Protein chains: 4
Amino acid sequence: MAGSVNKVILIGNLGRDPEVRRLENGGIVANFPMATTESYTDRSTGERKEITDWHNIVVWRGLAEVVEKYVRKGTKLYVEGRLKTRSWTDKDGNTRYTTEVLADNLTMLSRADNNSSSYNEPNYSNQGTPSAPSPIETITSPDYPATNTGNELDDLPF
Amino acid sequence: MAGSVNKVILIGNLGRDPEVRRLENGGIVANFPMATTESYTDRSTGERKEITDWHNIVVWRGLAEVVEKYVRKGTKLYVEGRLKTRSWTDKDGNTRYTTEVLADNLTMLSRADNNSSSYNEPNYSNQGTPSAPSPIETITSPDYPATNTGNELDDLPF
Amino acid sequence: MAGSVNKVILIGNLGRDPEVRRLENGGIVANFPMATTESYTDRSTGERKEITDWHNIVVWRGLAEVVEKYVRKGTKLYVEGRLKTRSWTDKDGNTRYTTEVLADNLTMLSRADNNSSSYNEPNYSNQGTPSAPSPIETITSPDYPATNTGNELDDLPF
Amino acid sequence: MAGSVNKVILIGNLGRDPEVRRLENGGIVANFPMATTESYTDRSTGERKEITDWHNIVVWRGLAEVVEKYVRKGTKLYVEGRLKTRSWTDKDGNTRYTTEVLADNLTMLSRADNNSSSYNEPNYSNQGTPSAPSPIETITSPDYPATNTGNELDDLPF
DNA sequence: TTTT
DNA sequence: TTTT
């Protein structure tokens, strides 16, 4: 369909370590919850309050491998993706819906907190090298299923 | 919390007329489903396919009144807002979750299709004046509960 | 560099027909100006006013070919891209700067107005078939120079 | 005009300390350059390269005061705003154009680097308390000149 | 002119 | 369940 846009932009922190699954067909997918928090002033009391929203993030393929290596509970991320609601059947036979953010662009804005994960590779958080740079960069997944114009890229970077 | 962003940008079409409710405390809220559709090529068959995603849009206060007046099944909208998942209890006592897009900025990109709604005011769709301009403009809700800097605005438009 | 985002989202109308150039190396590039307009109320007079901002849009490769075929003065577009300021030397030898929006995603939200361009192919605007659907869809350019994860895509559009 | 969107989203670092000016009419405005950097692979050499783009950010009123207090050379920021090109006359009488990002939403993603500014208040960077939390939060400017629906906000953060 |  |  022409003329449609479905875009989500989030900056927030992971609520727990990602879950990574490898599928029979060779696919790899990672899931994690991410919190965004907004502040506002309660107008009846004048108090400062916060509201946290939780988002289910799903990443496939190469991005999932990046997540598996570098992203942990507490990591602050920029996530760009699109909304997708999938249906499933619960134990009572009812159709249920879960809305997820299918990420196609991630940027790490902080390392994870240092004591969050028990299965980090040693030199990531257990050895306490918090100032060591992470090798991660902004990673963009192939735009799928978006239409790809299929043009060869030349060497000029624009 | 500092450093959080929760933003959704959609362009799509309403799946049905909005539902508008007036609350006891004077509030007004409108809900409607909105479809976004993406095209992709099935790599096994080479066929062109489409996927439609549905989104629950919620608008409050002045935006809800605009929606009530001008937005109908079939209308193409630009929606900017934030993701919010609310929980509720179903008939079996289970906690269920519904994710909605809480809109704070709407722009009408088309009039509704002309045969969608039976309760339109006459000169909106029934009288068939498809080229008449809609009085709607981009409407922005007060950023709430975002922090408001509370500064007085002067007359200079920047 | 890790952790950088440069994103522009515009909805507006073309101020004139696109200029399309084919380069010696086979590249193709299209340029056009696009207007966005915002309304506000002048606080001293209470009058409703409008401000129009003009943006220089640049598109390369396959997107440029789409623009050449379907986009005209007056067309309403959704443009997603990134900001880029390039420098050049004017006739007096001074360095000057021009900021452009390098588009990597376009969606046509309307056809061009019907009397804008004299070189449209006949059945586009001259023959007056304003209700004929345009063949354009959302077209995404390959993300370049963004890092590509290079993963093979499977057939599941999840 | 109805149906227009002009939105910029950037994450990057300040190239120098902000310049803050107080106007005769009581207004306050801050300007600073901000860098975004993207990586790509040179296809002829296979080398990893980077391109940095520079953006002129302008903030008014309360946001300018926040910038004056907390933002410094090196600070990593999330900036949301809109594009605006203003014209001016250079010393040779030529009309020149400068494109700026007029920010209406800022989020600090890092403190400034610790040795950048000589006029920080002592406990900000000079005393070297890099883990002390900054009081900044996401600050949103009143949406101006966007249409404001003018509704009173109630206490429920929906 | 930033940052990693 | 995160973060400040």
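Source: prediction; values computed, not measured. Proteins get letters first, then strands, A, B, ... in listed order; numbering begins at 1 in each.
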Original post:
Of the candidate nucleotides dT2(E), dT2(F), dT4(E), which contains the atom at the shortest distance from the side chain of E50(D)?
Top reply: dT4(E)

**OP:** Considering only NZ, NE, NH1 and NH2 on the basic side and carboxylate oxygens on the acidic side, decide whether E68(D) and R22(D) come within less than 4.0 Å.
**Re:** yes

Original post:
Whole Å only: how far is the NE2 atom of H55(A) from the P atom of dT1(F)?
Top reply: 17 Å

Original post:
Considering only dT2(E), dT1(F), dT1(E), which nucleotide approaches the side chain of R16(D) most closely?
Top reply: dT1(E)

Subject >> CH2-CG distance between W60(A) and N31(A), expressed to the nearest 0.5 angstrom >> reply: 8.5 Å

Subject >> Polar side-chain contact T52(A)-dT3(F) base: donor and acceptor under 3.5 Å >> reply: no

Original post:
Does any donor-acceptor pair link the side chain of T37(D) with the base of dT4(E) at a separation under 3.5 Å?
Top reply: no

Original post:
Roughly, in whole Å, what's the span from NZ in K76(D) to P in dT4(E)?
Top reply: 7 Å

Original post:
Quick one: E19(A) CD to dT2(F) P, roughly how many Å, whole number?
Top reply: 16 Å

Subject >> d(OH, Y97(B); P, dT1(F)) in whole Å >> reply: 11 Å

**OP:** Starting at atom CG of L77(A), determine the distance to atom P of dT3(F), rounded to an integer number of angstrom.
**Re:** 13 Å

**OP:** Write down the distance between NZ (K49(D)) and C1' (dT3(E)), rounded to a whole number of angstrom.
**Re:** 20 Å

Original post:
Taking CZ from F32(A) and C1' from dT1(F), how many angstroms apart are they, rounded to a whole number?
Top reply: 13 Å

Original post:
Does the distance from a Lys or Arg side-chain N to an Asp or Glu carboxylate O, for K73(D) and D17(D), drop under 4.0 Å?
Top reply: no

Subject >> Nucleotide of dT2(F), dT3(E), dT1(E) approaching N13(A) most closely (side-chain heavy atoms) >> reply: dT2(F)

Original post:
What's the CZ-P distance between R72(A) and dT1(F), to the nearest Å?
Top reply: 20 Å

Original post:
Could you give the distance from CD1 (I57(B)) to CG (L102(B)), rounded to the nearest 0.5 Å?
Top reply: 10.0 Å

